[in-house]
Amino acid sequence: MFPGSTAVTCGAPEVYRAASALFGEAFAPAADAAATFYTVNTCSWPRTETARLFLPESTVALDHAVQVRDARTGAPLPFVEEAQSNERHRAAGRFLHVPVADVPACGAVRLDIVPVAERSAPGDGHSGLSGDPTVVENDHLRVTVDLREACISSIVDKATGREMVRQDAAVGFNGYVYDEYATAGAFNHQSSKTVADDSMHLLASRSTAPPAALVDRVTDATGQTLVYACSPAGTRGLRVRVHLPHHAARVDIENRIDKDATLTKESAFFAFPFALDNPVVHTEATGGVLGTDRETVPGSATHMRAVRRWISLSDGNSHAALATADAPLIQLGGIATPSVPYPQSLRQEEPATVFSWVHNNIWDTNFPAQQAFDHVFRYSVGFGTTAENPTVQADQLALRVAAVTSHPLVPVRAARRARPCLRPRRSS
């Protein structure tokens, strides 16, 4: 159910690698650098983001320290090292996560990797953190996690003091919901014949996440991070990473679900209840934008939407944006029972709540009857107000928030070799 043709999707990695190689061959590395990378911004606006560079072990040994220098100023940049995963079967080396400021629109910034004698003294990982172990905070936002409910309980916009999370929501922000249905599994072509009603007799059970344990909480060059984990119904485990970048009004979330296969009819959701009053909601579709203020094709599904990358919400004063990189199906305002006529199953309507529908096995034709996976579902949430920047509307905010995962800074290694100087032979 992902947009785009199979041919284009399958060929994209090869095109990307070829384009990167051609670009890299146009530039030579700095003379004193072990490696030089150009971090390319493919978007039409300047950006301050974290670039992820791969430094091969053949270039710099893993036990040797390096420094990352901004070629614009020569100043060293802070970075975070990440070890290669599955090192037996992937290229030997390490990843460097480098925050790069003010990368020009459709432009690039050169970064030089220089060997040094000693690694920079690491911080204790807790400097700049609030005394509350469930809080991460920067210049723009204060984010609080409720471990009892395994969700984000509060996101405060520090510029206005406004709470951006609905406090009486049926499910907490980034809260997990797991539904089981009374219809029988492994019977083909029944999903379109089952009829639901307000009695909810087809909703066999509904569970939310149990209390979670705090796993980690650190601050580093890229921002502040809080990790918690629990074992909700329908999973072997759920691990949540909440990351607040430095100097950005944005929260990046990674929800890792590990689950077994089952023929029981099931669905799972993550909820995002925003504290906005009767907002206008727009969703990106392939080639256009749908919205609660726009006409739709008569007879089309009203209980769910397939989005390309982002959802924007605005009440005229405040904007919120949700970018989803891995789960294209959403429901707005509530959770529908997945049988005609799709009655709502929550006790209240929440116009500013987005439910991300991460998996289900309810459609009997052309979809797996049971699903098992260990997968990360990535989300980014951004906020803005008309007072802060009147020219940036909700859809523009959403586009920029979605670019974090859909159009990250592209690291291209400079690979042009110096041409040998050929001298003409002297005739004897």
Side-chain angles (χ1 to χ4, degrees), residues 16 19-20 23-24 26-30 32-33 35-55 66-82 95-114 120 123 128 136-141 157-159 219-225 243-252 309-310 319 321 323 325 380-414:
Y16 172 85
S20 296
F23 187 88
F27 298 94
D32 62 340
T36 291
F37 290 86
Y38 284 82
T39 54
V40 182
N41 175 15
T42 60
C43 295
S44 60
W45 62 90
R47 299 168 66 191
T48 297
E49 295 291 348
T50 296
R52 185 172 182 255
L53 321 176
F54 180 69
L55 183 62
V66 296
Q67 187 178 78
V68 181
R69 294 178 185 171
D70 188 331
R72 294 172 295 185
T73 63
L77 299 178
F79 64 92
V80 177
E81 291 193 15
E82 174 196 353
F95 293 95
L96 309 180
H97 295 256
V98 188
V100 187
D102 303 319
V103 183
C106 299
V109 170
R110 195 186 91 199
L111 302 179
D112 297 325
I113 313 299
V114 181
S120 300
V136 289
E137 186 174 3
N138 66 10
D139 299 339
H140 299 275
L141 301 174
D157 182 343
K158 296 174 69 173
T219 183
D220 56 31
T222 65
Q224 298 184 14
T225 303
H243 179 71
L244 184 64
H246 294 307
H247 314 300
R250 189 187 79 240
V251 183
D252 298 325
R309 292 173 299 180
W310 55 258
H319 308 316
S380 290
V381 184
F383 303 94
T385 65
T386 54
E388 290 176 339
N389 193 340
T391 63
V392 177
Q393 301 301 317
D395 290 359
Q396 291 174 287
L397 171 66
L399 180 68
R400 297 186 177 194
V401 170
V404 174
T405 50
S406 62
H407 293 287
L409 296 179
V410 180
V412 177
R413 184 170 179 179

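Numbers here are sequence positions counted from 1. Everything quoted here is computed from the prediction, not taken from an experiment.
Between T222 and R52, every side-chain heavy-atom pair lies at or beyond the 4.5 Å cut-off. You'll find the side chain of I113 reaches within 4.5 Å of the side chain of V68, heavy atoms only. Using a 4.5 Å cut-off on side-chain heavy atoms (C-beta onward), V109 and P104 make contact. By the 4.5 Å heavy-atom criterion applied to side chains, T219 and H246 are counted as neighbours. Under the 4.5 Å side-chain criterion, counting only non-hydrogen atoms from C-beta, F23 is not in contact with V410. Side-chain contact between R250 and V401 is present, with heavy atoms from C-beta onward closer than 4.5 Å. Taking 4.5 Å as the limit, every side-chain heavy atom of L111 sits out of range of all side-chain heavy atoms of F79.
Residues P408 and V404 approach most closely at CB-O, 3.7 Å, considering heavy atoms. The two residues A403 and C43 come nearest to each other via the heavy atoms CB-SG, 4.0 Å. The two atoms that bring P78 and A221 nearest to each other are CB-CB, 3.7 Å, heavy atoms only. Closest of all the heavy-atom pairs between A394 and H319 is CB-ND1, 3.8 Å. Considering all non-hydrogen atoms of both residues, A402 and S406 come closest at O-OG, 2.8 Å. The two atoms that bring L53 and P411 nearest to each other are CD2-CB, 3.3 Å, heavy atoms only.
Partner of H407 under the side-chain hydrogen bond (donor to acceptor under 3.5 Å, both in side chains) criterion, chosen from R47, R309, R400: R309.
For the residue pair H247 / D139, a side-chain donor-acceptor distance below 3.5 Å is found, with atom types taken as modelled.
In this pair, F27 and Y38 present their aromatic rings tilted. The plane angle is within the 30 to 60° band.
In this structure, T39 contributes its side chain and L409 its backbone to no donor-acceptor pair below 3.5 Å. Between the side chain of T48 and the backbone N or O of D102, at least one donor-acceptor pair lies under 3.5 Å. The backbone N or O of E137 lies less than 3.5 Å from a partner atom in the side chain of Q224, making a donor-acceptor pair. A donor-acceptor distance shorter than 3.5 angstrom exists from the side chain of N138 to the backbone of P245, with no hydrogens or angles considered.
Note that CH2 of W310 and CG of L397 are 10.0 Å apart. Values are rounded to the nearest 0.5 Å.
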**Message:** For a side-chain contact (heavy atoms from CB on, under 4.5 Å) check, start with the C-alpha distance between H97 and D220, then their side-chain angles and the critical distance, and finish with the verdict.
**Reply:** CA-CA 10 Å; H97 295 256; D220 56 31; over 6 Å; no
**Trace of the side-chain contact (heavy atoms from CB on, under 4.5 Å) decision for D32 with R69** = CA-CA 11 Å; D32 62 340; R69 294 178 185 171; 3.7 Å; yes
**Request:** Go through the steps to decide whether E81 and L96 satisfy the test side-chain contact (heavy atoms from CB on, under 4.5 Å), and finish with yes or no.
**Result:** CA-CA 5 Å; E81 291 193 15; L96 309 180; 3.7 Å; yes
